[in-house]
Amino acid sequence: MSGGGTETPVGCEAAPGGGSKKRDSLGTAGSAHLIIKDLGEIHSRLLDHRPVIQGETRYFVKEFEIHSDHLVASEKQHMLQWDNFMKEQPNKRAEVDEEHRKAMERLKEQYAEMEKDLAKFSTF
């Protein structure tokens, strides 16, 4: 240990006045109180999760509110889409019915032609 400065050995602290007195940090009642206080803080940080749980709960509540608002808006949009879909159904049904009627007409004509052709060959 060189130099002209004051050095404090490990396990000791300099006196609060900045003087040359040295004291053992474990030797006074005040320092024991600080150690107990520090241990209490460490213990609460390691084992007491209430602040974390409360913070997470607030976070989840906020997220839930955001998502529930989104879900309500989404549900309203889906209801509007469903209403529009149901309004279109009579028109779509009429289109399908018309296509079916035309297809049945074509089939009747086609079978009538096939019967005529069959009648030509059966007279032999």
Test of understanding: with side-chain hydrogen bond (donor to acceptor under 3.5 Å, both in side chains), list the residues that count as partners of E115, not counting sequence neighbours.
none

Identified side-chain contact (heavy atoms from CB on, under 4.5 Å) partner of K102 from the options M104, E98, H100:
E98

As an exercise, state the distance from CD of E65 to CD of E63, rounded to the nearest 0.5 Å.
10.0 Å

About how many Å separate CG of L80 and NZ of K76, when rounded to the nearest 0.5 Å?
9.5 Å

Could you give the distance from CG (L34) to CG (L39), rounded to the nearest 0.5 Å?
11.0 Å

Point-to-point distance, once rounded to the nearest 0.5 Å, from CG of D38 to CD of E41
5.5 Å

Among all residues two or more places apart in sequence or in another chain, which pass the side-chain hydrogen bond (donor to acceptor under 3.5 Å, both in side chains) test with R93?
none

Between S74 and H70 (side chain of the first, backbone of the second, donor and acceptor by atom type, cut-off under 3.5 Å), is there such a pair?
no

Inspect the surroundings of CD in Q81 and state if more than 12 heavy atoms from other residues, nucleotides or ligands are less than 6.0 Å away.
yes

Drop me the distance from E95's CD to E88's CD, to the nearest 0.5 angstrom.
9.5 Å

Spatial distance of atom CE (M114) from atom OH (Y111) [nearest 0.5 Å]:
6.0 Å

ILVMFWY cluster, V72 and I66 together (side-chain gap under 4.5 Å)
no

